[in-house]
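In what follows, a single structure is set out as structure tokens and then discussed.
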Number of protein chains: 2
Amino acid sequence: MLKYKEIAQDLRDKIVNGIYKVNEQLPFEREMSIDYDVSRITIRKAVDLLVAEGLIVKRRGSGTFVKDINDDEAIEIAMKKQFLGFSTTHSDHKVKSKIIKFKIVNPDEKIANKLKIGTDEFIYHVERIRYSDNIPYVMEKTFMPITLIPGLQKKNLESSVYDYIENVLKLKIQSSHRTIRADVPTEKEQKYLKIDRYLPVLEVEQVAFLSNGQAFEYSISRHRSDKAEFKMINIKE
Amino acid sequence: MLKYKEIAQDLRDKIVNGIYKVNEQLPFEREMSIDYDVSRITIRKAVDLLVAEGLIVKRRGSGTFVKDINDDEAIEIAMKKQFLGFSTTHSDHKVKSKIIKFKIVNPDEKIANKLKIGTDEFIYHVERIRYSDNIPYVMEKTFMPITLIPGLQKKNLESSVYDYIENVLKLKIQSSHRTIRADVPTEKEQKYLKIDRYLPVLEVEQVAFLSNGQAFEYSISRHRSDKAEFKMINIKE
DNA sequence: TAGTGGTCTAGACCACCGG
DNA sequence: CGGTGGTCTAGACCACTAA
């Protein structure tokens, strides 16, 4: 384990467990560098991780402080870190997936463009409904090139595709580009999500990339708007 | 100007202007540290800024490369940097604001809690409609403590409140916490946004903080879903 | 194997904040 | 004014990638 990650985790634990309380000042960087027996730069790297997560703030000339956020907001921080893989956000409930479609096809122009491949290549076309405690909450269409993600099977779709990619194929997921919109549900969505035409859907369009820079997934997730909301923390600069 | 910010801006320009093209490799860190005559750590800090913006990717053992994203996605990067202040996203159109309400009141429990003040303190209560090219696209409710933002006037609301806060009051905006949802428009919103009851709204609830850690604004923006979408780039770790 | 980015050190000086 | 976090240096070694 890397030093700065260990220190970050230690500080994170101390905040979550209330050892460092809301609005309380953390030890100074130079103090911590002695306490943890590392250089000040290593401390700063650890602290900056928590700043990016929105847990603490630094004030030049004053010190570093635990941010005054509500308790339920602390949860979103964990979500933010594991931003890929959706089942984690419902981890305290029973999450199931029903597979509506699982085919290998050629992509249309739009999908080929998003995945930066040709229309003559082959891709998986997957459609799933996700249930939390037996209530449907999202309908997903996913498109992945078979050359990048070989050997995908139905059982992988029922649990987590990301598990398969990271743990079986040993590929690393690096980033995702997302667009969020609101829309009216289609008739098909009304049926599968068990909603009427007056409940909007929250659409998340995503392209996800591996650490080698290749786009491995294009997906469109349409969430029941009474079951979904997205939280984020923005830090200026 | 700081060295790492200058270098970051130089690299950003070279990417935007096509001097470094899509998928092209950037000079190595050790090369750049000689070219720019700075230490390698300073180069890394500059490069890491662009990584966070989603413009480039680094691959250990290989090098640093310009990310293969679509042209229109480059725009969102500029948006991301100036994440506060909404008029910037419509900068190429005529943006106007109509003020529906501008009062000083006591906050209810919910608002007081979000702003971390008492219900006996005073706040501005502002409601505005924003127009782009004379088409209404968002209705905003904004609540700000008068002690933090003194002297706010109607003219500040017509242009940008953030300008007033940063340039007149000389306060620094540091972060914001946002929640995004989809919802059905109220009758009032249908009227002001000129939409029917079947067009959903995209709601953004926001608490914004100053660099001293105080919450200075709680706002709810409800966007016409045919005019608004939110883009973001997520980098793992 | 050679060369990349990733981590880490032990300093130094600067800009800013509070008393 | 002393002490904070912010920037910057000139090294060193490690983990990983590609040829």
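Proteins come first, then strands; the chains are lettered A, B, ... in the order of their sequence lines, and each starts at number 1.
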Between [atom2] on [N] and [atom1] on [X], what's the gap in Å once rounded to a whole number?
| X | N | atom1 | atom2 | result |
| --- | --- | --- | --- | --- |
| B:Glu6 | D:dG6 | CD | P | 20 Å |
| A:Arg30 | D:dG2 | CZ | P | 15 Å |
| A:Lys58 | D:dG6 | NZ | C1' | 8 Å |
| B:Lys5 | C:dA15 | NZ | C1' | 13 Å |
| B:Lys45 | C:dC8 | NZ | C1' | 16 Å |
| B:Phe65 | C:dT4 | CZ | P | 11 Å |
| A:Arg60 | D:dG5 | CZ | P | 11 Å |
| A:Ile43 | C:dC8 | CD1 | P | 11 Å |

Requested in this report: Map A:Lys172 and B:Met1 onto DNA chain D by nearest heavy atom, then report which one ends up closer to the 5' terminus.
Outcome: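 Counting from the 5' end, the first nearest nucleotide belongs to B:Met1.
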**Report entry** Which residue lies more 5' along DNA chain D, comparing A:Ile41 with A:Asp48 via nearest heavy atoms
**Finding:**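 This one resolves to A:Asp48.
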Query raised in the report: If you measure only the distance, is there a donor-acceptor pair under 3.5 Å linking the side chains of A:Lys67 and B:His177?
Result: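 Side-chain D/A pair, A:Lys67 to B:His177: present.
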**Report entry** A:Tyr36 and A:Asp10 side chains, donor-acceptor separation under 3.5 Å
**Finding:** yes
Query raised in the report: Quick one: is the NZ or CZ of B:Arg59 closer than 6.0 Å to the six-membered ring centre of B:Phe65, and within 45° of its axis?
Result: yes
**Report entry** Contact nearer the 5' end of DNA chain C, comparing A:Arg40 with A:Arg59
**Finding:**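 Of the two residues, A:Arg40 wins.
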Query raised in the report: Nearest nucleotide by nearest heavy atom, which residue falls closer to the 5' end of DNA chain C, B:Gly63 or A:Val38?
Result: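 The residue mapped nearer the 5' terminus is B:Gly63.
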Query - Short side-chain N/O contact from A:Tyr4 to OP1 or OP2 of C:dC8, under 4.0 Å - result: no
Query raised in the report: When rounded to the nearest 0.5 angstrom, what distance separates CG in B:Leu210 from CZ in B:Phe216?
Result: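 Reported value, rounded in 0.5 Å steps: 5.5 Å.
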Report summary line: Checking D:dT9, D:dG5, C:dC8 against the side chain of A:Phe28 (C-beta onward), the nearest is D:dG5
Requested in this report: May I ask you to say what A:Leu2 touches in the nucleic acid, namely base, sugar-phosphate or nothing, with a heavy-atom cut-off under 4.0 Å?
Outcome: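 If one applies the 4.0 Å heavy-atom cut-off, A:Leu2 turns out to touch the sugar-phosphate alone, with no base involved.
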Query raised in the report: Thinking salt bridges, do A:Arg44 and A:Glu29 make one under a 4.0 Å N-O criterion?
Result: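 Yes, A:Arg44 and A:Glu29 are salt-bridged.
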